[in-house]
Each structure stands twice: as C-alpha cells, then as structure tokens.
Number of protein chains: 2
Amino acid sequence: MNSSAPIGVFDSGVGGLTVVREIMRQIPDERIIYFGDTARVPYGSKSKETVTRYSRQIVRFLRQQNVKAIVAACNTASAYALDEIEKEMEIPVIGVVKPGARAAMDVTENGKIGVIGTEATIGSQIYTRYIKQYHKNVTILEKACPLFVPLVEEGLLNDPVTDEIAMRYLSSLSDSGIDTLILGCTHYPLIRSTVGRVMGRGVTLVNPAYETAHELRAVLEKEQMLNLSRPGLGDNQYQFFVSDGAEKFIRIANSIIKYGILSAKVINIEEY
Amino acid sequence: MNSSAPIGVFDSGVGGLTVVREIMRQIPDERIIYFGDTARVPYGSKSKETVTRYSRQIVRFLRQQNVKAIVAACNTASAYALDEIEKEMEIPVIGVVKPGARAAMDVTENGKIGVIGTEATIGSQIYTRYIKQYHKNVTILEKACPLFVPLVEEGLLNDPVTDEIAMRYLSSLSDSGIDTLILGCTHYPLIRSTVGRVMGRGVTLVNPAYETAHELRAVLEKEQMLNLSRPGLGDNQYQFFVSDGAEKFIRIANSIIKYGILSAKVINIEEY
C-alpha cells in the first residue's frame, strides 16, 4: 500500500465532516476521500442489519478508490457495523466510538460518564459495553437525543428552541453527577456550546472527532503509512462524494469546514 | 383485474398512514397493502432522481402483490415521481397533490392559498404549478417546514416547542391574508390543531389525505372496481410492509390508526 494513497472517511451525511476537519488539522499532508450517504441519512433510527448493509456498500466504494485506511466517522456505523467490517479488511479501519470512549476514561475523575447520541447508538449501548471491559466500576449514563441532528441540519445552532430541547434531554444527566460527557454523534460538536451551557462547568465534553483523528495519526505512524509530502495545489487533496443532493451538501459542508469545498460528486451507492 | 384485489399504498415512512386511515373510513370493504420506506425516510430532503428511483422500486414491489390501484401517499413522491409512473401503468395511480390542490381551489373565497410541506415538495412548486393551470389569478404562497416531520416522529404533537417552531414557520403565511392552507405533507394532519391555532379561525385547513381517499373511491367506482363484499375475519384485510424497523413502525402506526396493527414485514426494497 502506497503511503501517498488517500484516507477514506464516511458518514451517513454531513456530520462526519467534523472528523474530516480534525484530520485536516492534525495531519494536514494527508489526502482524504469523503463519502456522505445523503440519500439514506439518517442512520440513527435504522436497524443494525440495514446500517451494516449500507456500510459494506460504502466500504466497497472506498476500496475501489484505493484508500490506505478507512474511518467510519459515524457513531451509528461504528457501533453497528465496524467489528464485522474490521475483520474482513487488511487495511486499518478506525471508528469514532473506541477513541471517544478511551478519552472519556482518561478524563473522568469521579468515574461517572455520560453519553449522548442517536437512538441507534444509545440503543446499542456500545459505549457502555466498551468502557466496562476496562473499568467495571465506572458508572455510565446514556441518553438518546433524536432531535439534535435535525436541529443542527436546520442550522439552529444558537437558538432558544435548541436550548429548550437540550434542557429536556440533558436535565437528568446534568443532575446525575457525571463529570464527563461523550458527544456520541458527529453532529453534536456543532452545538457544543449549547450542550456545555446546559451541563455546566463541572462537566468535560469529549469530542470523539478529535480523538479519532489522533488515533488515525498514531496508527498510520506505526504502520509507516503517513504521507511524507504535502500534495501540490490542483492535486485534489480532498474529494467529496455523496449519494444525493450535491449542492445542499456543499452548502452545509462549507459551514463546517473552512476549506472551501467547491464540488461533490453524486454516485449511486446501491450499485456497490 | 379482480375487484377484490388490494389497493397498494406507499409512503416514505409512517406519514402515509393518515391516508390509509381515511381509506379505511371511506371505503371500509377494501383490502390495503401498505409499504413504508422506513429505511430511506425522509424523502423530503432528497433529489427528484433519487425519489423517482425509490418510487419505481416500490411500485414494482406493489405490482408483484397484484394490487388493483396504487396510491402515492407521500407529497414528495407525488410531486417528483407520479407523472412518470402514471404513464407506465395500466392501473389507476393516485397521488395526494392533485386531490389536495383541487379541494383548496373549491374552498378558497379570496383566492389566496397557502401550502406547507417538506423542502422537496415546496421546492418543486407542484401545488402552484397545478393550481395555476386552472386559476391564473389565484395567489399561492408556499413555505417549507422541515422540522415538522422530526417533531411529529418524536411525538411532540402538543408541545410548546412545536408551537414555537410553528409560529416561526407560519407567521409570514398567517400575516399574508390567505383563507386556505394545504397541509402538503402526510405527517402534518397529526399537528393539525397546532397549525390551526397559529393560523387562526379565518383559515381553512385542507387535508389531502381526506381528498385522496375520496378520489380513490370515485375512480374505483367509475372503473367498477370497488370491492363488493367485506373481507372476512382472519382474511388479512390490511397488510403492512416496511424496509426497516418493523417494531418501531408498529408502535407509531398504532398511534395513528386505531385498527390494531399487529405485524409488519421487513423487505429489502433495493432488490426490486
């Protein structure tokens, strides 16, 4: 495998761009091929079987682009599909769940960790199961926040409605004495300030996007696969593919990443 | 075609059940086969190409069940895909847009009609284009309300948050002097009371679900295809198929239809 090959990153839609943003920041010489499954978004309300089938199609597409590593920048896909996909692959496959969970274990002082995410991620209890393997005595409180994704996609990032919904979802967590909260959905860093305000200063927010980029860098370094020279101008360092609605994707993407995304290509992911 | 054959009804998810409810009420002897595309919901943010491809797959599935007529109980599918599908079919195909638009033309006294719907339905301007064919001088104001579907699916039917969002979406319509408002998304009848309160008494709400069932009855009558005897007990008069998440579908479905839906079968719609 060529170290100058791109990294494949996928998500159900635009949320995974918060992970791309971190990869761009932490390992700026890497090429990235991003796929957002905008035709079939959201994954958070779908079953394990469906999310796994969709993830496999995307992985097949990314492999055809000769990626050197794959990042599942989606908590739902990481929770439901990653273990199976990892087994079948000979290149590194990294999800957002494990790096986020490990960071929370490092951060917590009182051993009480909260997790927020989509219905699917929370229903899978993946964070609880993973953390319990290492720390049996940690208390983990999970809470699904299904309206956060549509509110973010509607652009209500600083808005009284988002505040009100956040207070409803988070009040039980905020009263529970946790000192650490995992933002277990890639959309949530975009309403980090609202969540932080509701939770108060005593709670550290863990953003798995940051931790995932950090782990990706470590894995590539270990495998001697870091790209050694920055791609030149006009070299298409970052390429974006979606399953629907390229224009809407570009509009939202440019509000997440300050890079200037000019184009996204639509592919029929059901053919993969 | 056998008049005792079932009617095929489809929607992107559960919203189309408001149309099923009306068909059950208005022509209670008919059999119904319902398909909800719960794996790929929502349609309202997808492109015309994608919605048309998905609708064709569903129509192929319904044809295999030997339905005698097809109802696209989804405004987005009706707006984007129906004209093309209708041309290819030798059985009646009915959407929700035309019956709703015709009812609004009948109801309005001042010639000012409002339409609310998903981004896709409103972006297509289907209601405006259809009504303008008949009444050039009618004024039509359209407004997308993208958060209504997730709010309904979260069960916030009578809730201050839904009130607040409704006031934001509807204030410009409510100040515009319309006397008729088309509920241009099959989820919206479920928040009819909230919408009605914001719009005030001077505005008549048109529910295309009611009008669609009415038109279906008229078409079947004209073609002498009405079922002449009520199916017996244990005869599976109503059958439900979904592309994902049967249990969640059954739970929401039973809150919309008081019939007692006991089962829904999951199929892989991408194979059709």
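Just so we're on the same page: letters track the sequence lines, and every chain starts at 1. Every heavy atom of this structure was used, including side-chain atoms; hydrogens, water molecules and symmetry mates were not.
Using a 4.5 Å cut-off between heavy atoms, Glu247(A) makes no contact with chain B at all. The part of Glu119(A) that comes within reach of chain B is its side chain, from C-beta onward, which places non-hydrogen atoms under 4.5 angstrom from that chain. Heavy-atom distances place no part of Tyr43(B) under 4.5 Å from chain A, backbone and side chain included.
Contacts with chain B (heavy atom to heavy atom, under 4.5 Å) involve these residues of residues 150-165 of chain A, listed by number: Pro150(A), Leu151(A), Glu154(A), Leu156(A), Asp159(A), Pro160(A), Val161(A), Glu164(A), Ile165(A).
Among Asn268(A), Val41(A), Thr38(A), Asp244(A), the residue with the largest count of heavy-atom pairs under 4.5 Å with chain B is Asp244(A).
Contact of the Glu271(A) side chain with the Glu270(B) side chain is not registered, since no non-hydrogen atoms from C-beta on lie closer than 4.5 Å. Residues Lys46(A) and Arg40(B) have side chains not in contact (no heavy-atom distance under 4.5 Å, counting atoms from C-beta outward).
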